[in-house]
Enquirer: 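I'd like to ask you about the structure that follows.
Below, chains carry the letters A, B, ... as their sequence lines are ordered, and counting in each starts from 1. Only a predicted model underlies this, so the values are computations on that prediction, with no experimental measurement involved.
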Amino acid sequence: MRVTQLLAPTLREVPAEAEVISHRLMLRAGMIRKTTSGVYTYLPLAQRILQKIAAIVREEMNRAGGLEVGLPIMQPAELWQESGRWAVYGDEMFRLQDRHQRDFCLGPTHEEIITDLVRNEVHSYKQLPLLLYQIQNKYRDERRPRFGLMRCREFIMKDLYSFDRDEAGLEVSYQKMYNAYSQAFQRCGLQFRAVEADSGAIGGNASHEFMVLAGSGEALVVHCDQCGYAANVEKAEASPELLQEGLEPGALQRVHTPGVCTVVEVTTFLGISAQEVLKTLFYEAEFTTHRELIAVVIRGDRNINETKLLNRLGCLRLELASDTLIKKTTGASPGFVGPIGLKGIRILVDTEVPLMVQAVVGANQDDYHYRYADPGRDFPLDEVADLRMVEAVEPCPHCGNSLVQSHGIEVGHIFKLGTKYSSAMGARFLDEKGQEQLIVMGCYGIGVSRTMAAAIEQNYDANGIKWPVAIAPYHVIIVPVSFQDEQQRTVAEKLYNGLLKVGVEAILDDRLDRAGVKFKDADLIGYPYRITIGPKALKDGEVEVRCRITGEDFRLKIEEVVQWLADQVHSQLHGFV
RNA sequence: CGGGGCAUAGCUCAGUUUGGUAGAGCGCCUGCCUUGGGAGCAGGAGGCCGCACGUUCAAGUCGUGUUGCCCCGACCA
């Protein structure tokens, strides 16, 4: 490719709409343009990158035994009504009607479609296991698209669905995918971590997320260097901290605490630490059939993990209760509520609560607290559960070593689905005994367009992007300082052709612009290697090579540079396989 | 969905307070010159000032409505 023939309109200034680094750089590098909120057009450079990511993913899916299919984007409402999700999916689903007013949606995911295919075509245990996947656009009407390609309404996703005859088979498929995902992200040249994840509303009992580690990541994960435990903080187990071991219980004491509402105020007023306070939060939990007020008790210095709470309760939605409702129920304002004497309300306590013997709690009367509350003695411990968010620094729940916290971008997510869809939609097979059995399913997604953005979030500097070789739009850019100079031009063409011959993807900057312009664009777009052809090195029969990733500069003989670059590129492309 | 902000040239933004013939820098086109980190000179093209209605002799500017976009929050198989 020659730069004069490429469409890569680079921008000197940062478009006002972009905040996130990957978004800004892709706009500036002439890779993407916004079509409407959450919908982008991919220009040639981005398209090449996406295809490279997709190719790696495709190879790994195939290697794991996956079969590629092409599923429809436009899907009939009937299938979604069968699974029950037409009603549940809500505003996030793009819906449309045809001229006969029949309902359709644009696929946000493809469980229904694929289950429909499999129930029609698979009838025997001999046809299982089956791994089917596609790489395709997905549509979700996000409430708030943002961060450029990170959260779009239209995006590219690889989704694979596994079909097995039983749980043991699912476990095998799941492991295959876990390994394939690890391999795929490694080959993309990304630093990532697989973490245990909450399986959310999709159900199932096991789930891992693949996180590209980057400071700008939305997700918080913790991991242990010692034993390898890693989890999203939404999921991470919290090990209870023993603080008041051996302490003798005291007599419950009601103290006047006028206007002292928050944990901080309580600790200051009483001269104690937040660890000695128990706070009580009231949630309104929405179940399928009813709404219920729930009290949750947790140590004053801890935070509730609402994901854990929601899972524990098995409710659809959680919301902190309003002050009015709290007052009506307990007779006290939120700052003075506590578990003692609460009647007719389900009380959940965090695992650390029973370990305390002298706690300060609200007295359910404004301007009063209790001291020396003894959990179990002064209020019931009927429901004890891990309900707290793990902190930045705390011991690993498995080995006790210190956990490390980091930010990540979710680029892959694998789930065990079980029989949720096969039972709803009747996907069954006959086993050896002629018995009808439900197919056991798993689903596995990789955000392809998001992976492109995540790669940038992890690899950039003040001058632009630093693509890993495996997913770079081209491996090498050749920059003659002056393309009008005949000698430089001749060398440039020779190297260009030489690189193509040895399988290195080269692009020649044949523009008549000044060198500075070409250097700036090369850095911005982020080609891994740049060959500079200029008078300085040329007089020694050499050219300069700069590595974008490490910043290293090399001077190489003209005759040697092609092979040298071929070695560099190929070792990075195939080093992992 | 709640809160905030923005909308003028391809991009970044002035101009709106106090109504009076549309501006700058960058980019783009032509020519000259130049070529090692976004050069210089000369000339040029490019705007329903988001849209609609209203006030006014006169609206980019004032009023009402509307649409789109961005940010924060809630939400996120």
Enquirer: Using the six-membered ring wherever Trp is involved, compare the ring planes of A:Tyr181 and A:Phe185 and label them parallel, tilted or perpendicular (cut-offs 30° and 60°).
Expert: perpendicular
Enquirer: Where the side chain of A:His110 meets the backbone of A:Pro72, is there a donor-acceptor pair that is under 3.5 Å apart?
Expert: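 The answer is yes, because a donor-acceptor pair under 3.5 Å joins these two groups.
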Enquirer: Is a donor-acceptor contact shorter than 3.5 angstrom present between the side chain of A:Arg85 and the base of B:A77?
Expert: no
Enquirer: Given that both distances must come in under 3.5 Å, which nucleotide forms a Watson-Crick or G-U wobble pair with B:U18?
Expert: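 Matched B:U18 with nothing under the 3.5 Å cut-off.
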Enquirer: If you pin A:Ala537 and A:Gly38 to their nearest nucleotides in RNA chain B, which one's is more 5'?
Expert: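 Closest to the 5' end, via its nearest nucleotide, is A:Ala537.
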Enquirer: Of the options B:C76, B:G38, B:A77, whose atoms approach the side-chain atoms of A:Glu111 most closely?
Expert: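 Closest of the options to the side chain of A:Glu111: B:A77.
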Enquirer: Using a heavy-atom cut-off of 4.0 Å across all strands, would you classify A:Arg511 as base, sugar-phosphate, or nothing?
Expert: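 If one applies the 4.0 Å heavy-atom cut-off, A:Arg511 turns out to touch nothing in the nucleic acid.
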Enquirer: Return the pairing partner of B:A58 with a 3.5 Å limit on both distances, Watson-Crick or G-U wobble; otherwise return none.
Expert: none
Enquirer: Ignoring hydrogens and angles, answer whether the base of B:G37 and the side-chain atoms of A:Asn463 contain a donor-acceptor pair closer than 3.5 Å.
Expert: no
Enquirer: Expressed as a whole number of Å, how far does the P atom of B:G65 sit from that of B:G3?
Expert: 15 Å
Enquirer: Find which nucleotide of RNA chain B each of A:Glu218 and A:Pro535 is nearest to by heavy atoms, and output the residue with the more 5' nucleotide.
Expert: A:Pro535
Enquirer: Any strand is fair game: report the nucleotide pairing with B:G65 by Watson-Crick or G-U wobble, both distances under 3.5 Å, or none.
Expert: B:C51
Enquirer: If you look at every strand shown and take non-hydrogen atoms under 4.0 Å, does A:Met93 touch a base, only sugar-phosphate, or nothing?
Expert: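 It contacts nothing in the nucleic acid.
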Enquirer: Among the nucleotides B:A77, B:C69, B:C71, which one has an atom lying closest to any side-chain atom of A:Glu19?
Expert: B:C71
Enquirer: Rounded to the nearest 0.5 Å, what separation is found between the CG atom of A:Asp513 and the CZ atom of A:Phe483?
Expert: 12.0 Å
Enquirer: For the side chain of A:Lys536, starting at C-beta, report the closest nucleotide among B:G36, B:G37, B:A39.
Expert: B:G36
Enquirer: If the C1' atom of B:C26 is compared with that of B:A14, how far apart are they to the nearest Å?
Expert: 14 Å
Enquirer: Salt bridge or not between A:Lys158 and A:Glu60? Use side-chain N to carboxylate O under 4.0 Å.
Expert: no
Enquirer: From B:C26, B:C69, B:G36, pick the nucleotide closest to the side chain of A:Arg12?
Expert: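 Looking only at heavy atoms from C-beta outward on A:Arg12, the closest nucleotide is B:C26.
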Enquirer: Between B:G10 and B:C49, how far is it from one P atom to the other, in whole Å?
Expert: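 Here B:G10 and B:C49 have their P atoms 12 Å from each other.
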Enquirer: Output the rounded distance in Å from CG (A:Leu318) to P (B:A74).
Expert: 14 Å
Enquirer: Is A:Lys518 close enough to B:G36 that one of its side-chain N or O atoms is under 4.0 Å from OP1 or OP2 there?
Expert: no
Enquirer: Looking at A:Arg548 and A:Asp461, is any side-chain nitrogen of the basic one under 4.0 Å from a carboxylate oxygen of the acidic one?
Expert: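 Result for this pair is yes, salt bridge flagged.
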Enquirer: So what does A:Leu524 touch, heavy atoms closer than 4.0 Å: a base, only the sugar-phosphate, or nothing?
Expert: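 A:Leu524: base contact, heavy atoms under 4.0 Å.
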Enquirer: Determine the interplanar angle of the A:Phe94 and A:Tyr139 rings, folded into 0 to 90°, and report it as parallel if under 30°, tilted if 30 to 60°, perpendicular if over 60°.
Expert: perpendicular
Enquirer: Between the protein and nucleotides 28-34 of chain B, which nitrogen or oxygen pairs are less than 3.5 angstrom apart?
Expert:
{"from": "B:U34", "atom 1": "O2'", "to": "A:Arg514", "atom 2": "NH1", "distance (Å)": "3.3"}
{"from": "B:U34", "atom 1": "O2", "to": "A:Arg514", "atom 2": "NH1", "distance (Å)": "3.4"}

Enquirer: Distance check needed: B:A77 P versus A:Glu209 CD, whole Å only.
Expert: 10 Å
Enquirer: Who passes salt bridge (charged side-chain N to carboxylate O under 4.0 Å, His left out) against A:Arg151, sequence neighbours left out?
Expert: A:Glu142, A:Glu218
Enquirer: A:Asp521 has a side chain; which of B:G36, B:G38, B:C69 sits nearest to it?
Expert: B:G38
Enquirer: Applying a 3.5 Å limit to both distances, which nucleotide forms a Watson-Crick or G-U wobble pair with B:U12?
Expert: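 The base-pairing partner of B:U12, which may sit in any strand shown, is B:A24.
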Enquirer: When you measure from the side chain of A:Arg143, which nucleotide among B:G36, B:A74, B:A77 comes out closest?
Expert: B:A74
Enquirer: Could you check whether the side chain of A:Arg546 and the base of B:G36 have a donor-acceptor pair of N or O atoms closer than 3.5 Å, going by distance alone?
Expert: no
Enquirer: Roughly, in whole Å, what's the span from CG in A:Asp540 to P in B:G36?
Expert: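 Going from A:Asp540 (CG) to B:G36 (P), I get 18 Å.
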Enquirer: Can you list everything that forms a salt bridge (charged side-chain N to carboxylate O under 4.0 Å, His left out) with A:Asp485? Sequence neighbours excluded, please.
Expert: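 Result, salt bridge (charged side-chain N to carboxylate O under 4.0 Å, His left out) vs A:Asp485: none returned.
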Enquirer: May I ask you to verify whether the side chain of A:Arg146 and the base of B:G73 hold a donor-acceptor pair under 3.5 Å?
Expert: no
Enquirer: Which nucleotide wins on minimum distance to the side chain of A:Phe519, given the candidates B:G36, B:C69, B:G27?
Expert: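 Closest nucleotide to the A:Phe519 side chain: B:G36.
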Enquirer: A:Glu171: which residues meet the salt bridge (charged side-chain N to carboxylate O under 4.0 Å, His left out) condition with it, sequence neighbours left out?
Expert: A:Lys416
Enquirer: Calculate the interatomic distance between A:Ile533 atom CD1 and B:G36 atom P; express it in whole Å.
Expert: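 So the two atoms are 15 Å apart, to the nearest Å.
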Enquirer: Please measure how far the P atom in B:G46 lies from the corresponding atom in B:U30, and state the result in whole Å.
Expert: 16 Å
Enquirer: Are side-chain N/O atoms of A:Arg85 and A:Tyr421 paired as donor and acceptor at under 3.5 Å?
Expert: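 Checked: A:Arg85/A:Tyr421 side chains pair up, N/O donor to acceptor below 3.5 Å.
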Enquirer: Using the ring-ring contact (aromatic ring centres under 6.0 Å, His included) rule, collect all pairs that involve residues 8-41 of chain A, keeping only residues at least two apart or in two chains.
Expert: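 Those involving residues 8-41 of chain A are A:His23-A:Tyr40.
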Enquirer: In whole Å, what separates the P atom of B:G60 from that of B:G5?
Expert: 24 Å
Enquirer: Between A:Asp198 and A:Thr307, does any side-chain donor sit less than 3.5 Å from a side-chain acceptor?
Expert: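 There is no such pair between these side chains.
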Enquirer: Establish, with yes or no, whether the OP1 or OP2 oxygen of B:G36 is under 4.0 angstrom from a side-chain nitrogen or oxygen of A:Ser482.
Expert: no
Enquirer: Could you check which of B:A74, B:G37, B:A39 has an atom nearest any side-chain atom of A:Arg144?
Expert: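 So the nucleotide nearest the side chain must be B:A74.
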Enquirer: Indicate, with a heavy-atom threshold strictly under 4.0 Å, whether A:Pro9 touches base, sugar-phosphate, or nothing.
Expert: nothing
Enquirer: Under a 3.5 Å limit for both distances, which nucleotide forms a Watson-Crick or G-U wobble pair with B:A42, could you say?
Expert: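 Result: B:U30.
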Enquirer: Please classify the nucleic acid contact of A:Thr532 as base, sugar-phosphate, or nothing, using heavy-atom distances under 4.0 Å.
Expert: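 If one applies the 4.0 Å heavy-atom cut-off, A:Thr532 turns out to touch a base.
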Enquirer: So, do A:Gln175 and A:Ile414 sit near enough that their side-chain heavy atoms are less than 4.5 Å apart?
Expert: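 A:Gln175 vs A:Ile414: side chains apart.
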Enquirer: Starting at CE of A:Met150 and ending at P of B:C76, how long is that distance when rounded to a whole Å?
Expert: 19 Å
Enquirer: Please report, rounded to the nearest Å, how far the P atom of B:C70 is from the CD atom of A:Glu142.
Expert: 13 Å
Enquirer: The side chain of A:Lys520 lies closest to which of these nucleotides: B:C69, B:G36, B:G38?
Expert: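 Of the candidates, B:G38 comes closest.
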Enquirer: Between protein and nucleic acid, restricted to nucleotides 9-16 of chain B and to nitrogen or oxygen atoms under 3.5 Å apart, what atom pairs and distances do you find?
Expert:
{"from": "B:C11", "atom 1": "O2", "to": "A:Glu13", "atom 2": "OE1", "distance (Å)": "3.2"}
{"from": "B:U12", "atom 1": "OP1", "to": "A:Ala16", "atom 2": "N", "distance (Å)": "2.5"}

Enquirer: Any idea which of B:C69, B:C71, B:C76 is nearest the A:Glu92 side chain?
Expert: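 Comparing B:C69, B:C71, B:C76 against the side chain of A:Glu92, the answer is B:C76.
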Enquirer: In terms of the angle between their ring planes, are A:Tyr444 and A:Tyr174 parallel, tilted or perpendicular, with boundaries placed at 30° and 60°?
Expert: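 The rings of A:Tyr444 and A:Tyr174 sit tilted, inter-plane angle from 30° to 60°.
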Enquirer: From CG of A:Asp91 over to P of B:A77, roughly how many Å is that when rounded to an integer?
Expert: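 Result: 14 Å.
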Enquirer: Taking atom P in both B:A77 and B:G68, compute the distance separating them and give it to the nearest angstrom.
Expert: 26 Å
Enquirer: Rounded to whole Å, please give me the gap between CZ in A:Phe147 and P in B:C69.
Expert: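 It works out to 17 Å between those atoms.
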